[in-house]
Amino acid sequence: MAFILSRRQFLKASAAVGGGLALEFSFPLSSADAEGATGTTEVNAWVVIHTDERVVVRIARSEMGQGSYTALAQLVAEELECDWSKVSAEFASPNEHIRRNRIWGSMSTGGSNGVRSSQDYVRKAGAGARAMLVQAAAARWDVPVRECTVARGVISHRPTLRTLRYGQVAAAAAQLAPPAQVKLRDASDWTIAGKPVQRLDIPDKVRGKPVFGVDVALPGMLHASIAQCPVFGGKLKSVDAHAAEKMRGVKKVLREDGYVAVVADSWWRANEALKKLDIEWDPGANGSASNESIAAMLREGLADPGLPQARKQGDVGAALASAATVIEAEYHSPYLNHATLEPQTCTAWFRPDGFLEVWTSTQNAEASMAAAAKAAGLPLEQVEVHKMMLGGGFGRRGAPQDFVTQGVTIAKAMRGTPVKMMWSREEDMQHGYYRPASLVRMKAGLSAQGKLVALHARIACPSILAVLQPGRNTSGVDFTAVRTLSDMPYTVPHQQIDYAMRNGHVPVGFWRAPGQQNGFYRECFIDELAAAAGKDPVEFRLGMLNEGDKNRLVLEAATRAAGWGTPLASDVHRGVALVNGFGSYAAIVAEVSVSAKGELKVHRIVLAIDSGYVVNPDTCRAQAESNVVYGLGSILYQENNVKDGRIVESNFHDFRLPQISEMPKVETVLVPTGGFWGGHGEPGILPLTAAVCNAIFAATGKRIRSLPLTHHDLRKV
């Protein structure tokens, strides 16, 4: 029989971890738990009810500050009709998930999908549990179910005025068959969902209780620091470890193809010993790669006459030939690291009984589990991944193959002893899955009346799918590379979007809102066209959006809230941008000033977003602010350069984060129209860069066609 760690055994083994375990660790239920012998009952996979009326909602997705942990609990609790003040949550066990045939659905958190892609089945889980509880109460009273009502976890039989609490009937309800169909509550009747309830994770975070990946501490645990080949794809050639092996606390030096690891009794000692290693790397074929060679690769892509087309509508060539005015522009953006404040970390323990436990901050528990099992040579059933709170994700921890594989491989060499492997900040900055560098050339034709009649765009950039999900990339067009250009909402009769996949040696990945830079390209170019047509930027966009279009709705909401067209201080100017994506529609108005010395100040951001439904308004507004502060760094000064095949930047001294003094006032306008489910984690960043850069043009007369702004002289023309 496969081993399953009990709650008591786990708490005893990890007593040194500290408080907040209920928020950080996932526990498979024992049969006793399921039957209620310990005072808890699993009514279904999502809902656990205690005899004292506490309700625990199991969460399959990861929590990295975005609020899914609370929002998903709200949706379950809404349909369960329980008392929200008695609700808590815990992460579902990935091991139990596999054993129960993936009962919790997807465990991946990315693409703003945490709520929108699971809302249907988690709500049905809550409604199903409620139906079972009511049925159990009706059976105890021997009355028809239709005579029973529920409010705040109390079931009432109106004709006899009898009541039962959920905790009194949970054990009986768990023995019933789940209903085949349930009716979900209309959003207009919500009392928990749709409300700005207090987030479940915040009180403990304020107290410093939750355990993140870097906080894990197990009895007898060792620590590992690693050095990876600085050139992507390079290999280890040789290492002289004599000096390091003599240092205090060092237990082992491991040599792998692409990295060297030092294991010691503290991470500081492991990292200090790592610095004493005399390592010789074989950079392979990429040792001479540079910004210049990468730019040449992208430019060659734009020149390719046989590119696949992501969109073709009408006859662009003929329309451009007959246009009254033709505008051309070229835009570029660099590689970008995710720069999560928590570096990549994995703790692994090969137990004496052959079972493997892993503690890691991950956006995809199943992918982490698969990587751990593969590295360990074990079946999935003999692996458990404990999902920790994340110290930043932004897409980086959706690709856990590298750091989880490394952590497990190192622990495999130290069987029986837990080992926590943590990257240094320098390793984290120089070994990520970067936002792709890209180059786009756009050409548009305007009619004599100033209407956009044709748009041709060619984009060259690496493919994220080719790196992380090669099975999805079969047409030669990576949808993440062309989105926002290939699915433009504007009514333009003739459109053609070509894609040049040019995969260099720098690994690319899902950086917050993959394809986000295309919003910068498109919306700044649209502003250029509006200027050429002699039209107001908002008027120009509205002229290409049909009545009732949700893009039009958010554009009107943002400009109305920002007071577009009303006077500003003499040195403050506005810019606008509109982009939809990740299930939602978003528009931004930015207000900026540029001093005589060329110093930029972003004063105000007004963001309007339609996500269909809003589960927690406070969390949605927080995500809008998060999008702004995260995107602001990429606008102002962040970039990753390549020289001699390696990333130049190494820490936050040369990859700056925005300061509090640089943060603008953010006003969020929520305009949920219902009928669909959109995300909030990423849509807000899509129009940000263009809105700021368009405002810079309004202030200075200078067009920004490349990032970051540190490369531009912003002094007024």
Side-chain angles (χ1 to χ4, degrees), residues 62-68 109-114 333-344 361 363 389-399 425 428-429 432-436 464 480 484 508-520 523 577 579 581-582 584 586-588 590 592 600 602 604-607 609 611 619-640 649 651-652 654-668 679-693 707-710:
S62 298
E63 176 58 53
M64 47 191 161
Q66 83 281 27
S68 295
T109 308
S112 301
N113 265 312
S333 56
Y335 288 111
L336 276 183
N337 188 286
H338 297 81
T340 59
L341 290 185
E342 178 189 22
Q344 310 315 307
S361 303
Q363 290 180 238
M389 287 287 177
L390 277 65
F394 315 120
R396 175 60 179 95
R397 289 186 162 92
R425 176 67 62 198
D428 197 46
M429 186 63 69
Y433 285 91
Y434 300 82
R435 188 189 77 174
I464 297 172
T480 69
T484 306
V508 294
F510 298 113
W511 193 92
R512 192 172 193 168
Q516 165 262 347
Q517 58 269 51
N518 291 347
F520 161 49
E523 288 297 292
V579 184
F582 303 93
S584 294
I588 283 180
V592 313
L600 173 69
V602 183
R604 181 186 182 210
I605 296 291
V606 178
L607 167 63
I609 183 167
S611 58
T619 297
C620 294
R621 292 187 178 95
Q623 279 298 287
E625 295 172 8
S626 170
N627 274 286
V628 171
V629 69
Y630 193 74
L632 200 58
S634 68
I635 298 170
L636 297 176
Y637 27 63
Q638 291 172 356
E639 61 181 331
N640 286 114
E649 291 72 28
N651 210 315
F652 291 133
D654 52 7
F655 191 91
R656 289 179 57 197
L657 299 182
Q659 305 298 302
I660 291 176
S661 61
E662 296 171 307
M663 185 64 184
K665 178 182 180 182
V666 179
E667 298 175 23
T668 307
H680 278 267
E682 292 160 293
I685 203 172
L686 295 173
L688 177 67
T689 304
V692 171
C693 291
L707 295 173
L709 292 176
T710 49

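The CG atom of L390 sits 12.0 Å away from the CG atom of L341 when rounded to the nearest 0.5 Å. Here the CD-CD distance, from E625 to Q623, works out to 10.0 Å after rounding to the nearest 0.5 Å. To the nearest 0.5 Å, atoms CG (L709) and CD1 (I635) are separated by 7.0 Å. Here CG of L336 is found 5.5 Å from CH2 of W511. Values are rounded to the nearest 0.5 Å. In this structure, CE in M663 is found 8.5 Å from CD1 in I605, a value given to the nearest 0.5 Å.
E63 contributes a side-chain N or O that, together with a main-chain N or O of S68, makes up a donor-acceptor pair within less than 3.5 Å. Between the side chain of E682 and the backbone N or O of H680 there is no donor-acceptor pair closer than 3.5 Å. Distance alone, capped at 3.5 Å, places no donor-acceptor pair between the E523 side chain and the A577 backbone. Checking side-chain atoms of N640 against main-chain N and O of N337 turns up a donor-acceptor pair under 3.5 Å. In this structure, the side chain of Q517 engages the main chain of P436 through a donor-acceptor pair within 3.5 Å. R435 places no side-chain N or O within 3.5 Å of a backbone atom of G509 that could act as its donor or acceptor partner. The main-chain N or O of S661 is never found under 3.5 Å from a side-chain atom of Q659 such that the two would form a donor-acceptor pair.
Side-chain contact of R512 with S626: a donor-acceptor pair under 3.5 Å is present, judged by distance alone. At a cut-off of 3.5 Å, with distance as the only test, no side-chain donor of S62 or Q363 sits close to an acceptor on the other residue. Using modelled atom types, one finds no donor on one side chain facing an acceptor on the other under 3.5 Å when comparing Q66 with T619.
In this structure, N627 and L688 have side chains that are not in contact, with every pair of non-hydrogen atoms separated by 4.5 Å or more. Inter-residue side-chain proximity for S611 and F582 is flagged as unmet; no heavy-atom pair is nearer than 4.5 Å. Counting only heavy atoms from C-beta outward, the side chains of T689 and Q516 approach each other to under 4.5 Å. Counting heavy atoms from C-beta outward, V602 and V692 have side chains that approach closer than 4.5 Å. Proximity of F510 to R396: side-chain heavy atoms (C-beta onward) are nowhere separated by under 4.5 Å. The shortest side-chain heavy-atom distance between L632 and P664 falls under the 4.5 Å cut-off. Between E342 and S361 the shortest side-chain heavy-atom distance falls below 4.5 Å. Counting only heavy atoms from C-beta outward, the side chains of E662 and L636 approach each other to under 4.5 Å.
A side chain to side chain contact (heavy atoms under 4.5 Å, CB included) with R397 holds for exactly one of Q344, M64, H338; it is Q344. Screening S634, S333, P334 for a side chain to side chain contact (heavy atoms under 4.5 Å, CB included) involving E639 leaves a single residue, P334.
Closest approach of P683 and G679 over heavy atoms only: CG-O, 3.3 Å. A513 approaches L686 most closely through the heavy-atom pair CB-CD2, 3.8 Å. Between V508 and Y335, the shortest heavy-atom contact is CG1-CE2, 3.9 Å. The shortest non-hydrogen separation linking P514 to I464 is CB-CD1, 4.2 Å. Smallest separation of non-hydrogen atoms from L607 and A624: CD2-CB, 3.4 Å. Listed here is the closest heavy atom pair of A586 and P687: O-CG, 3.9 Å.
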Show your reasoning for whether side-chain contact (heavy atoms from CB on, under 4.5 Å) applies to V666 and V629.
CA-CA 10 Å; V666 179; V629 69; over 6 Å; no

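Side-chain rings of Y630 and F394 approach one another, their centers coming within less than 6.0 Å.
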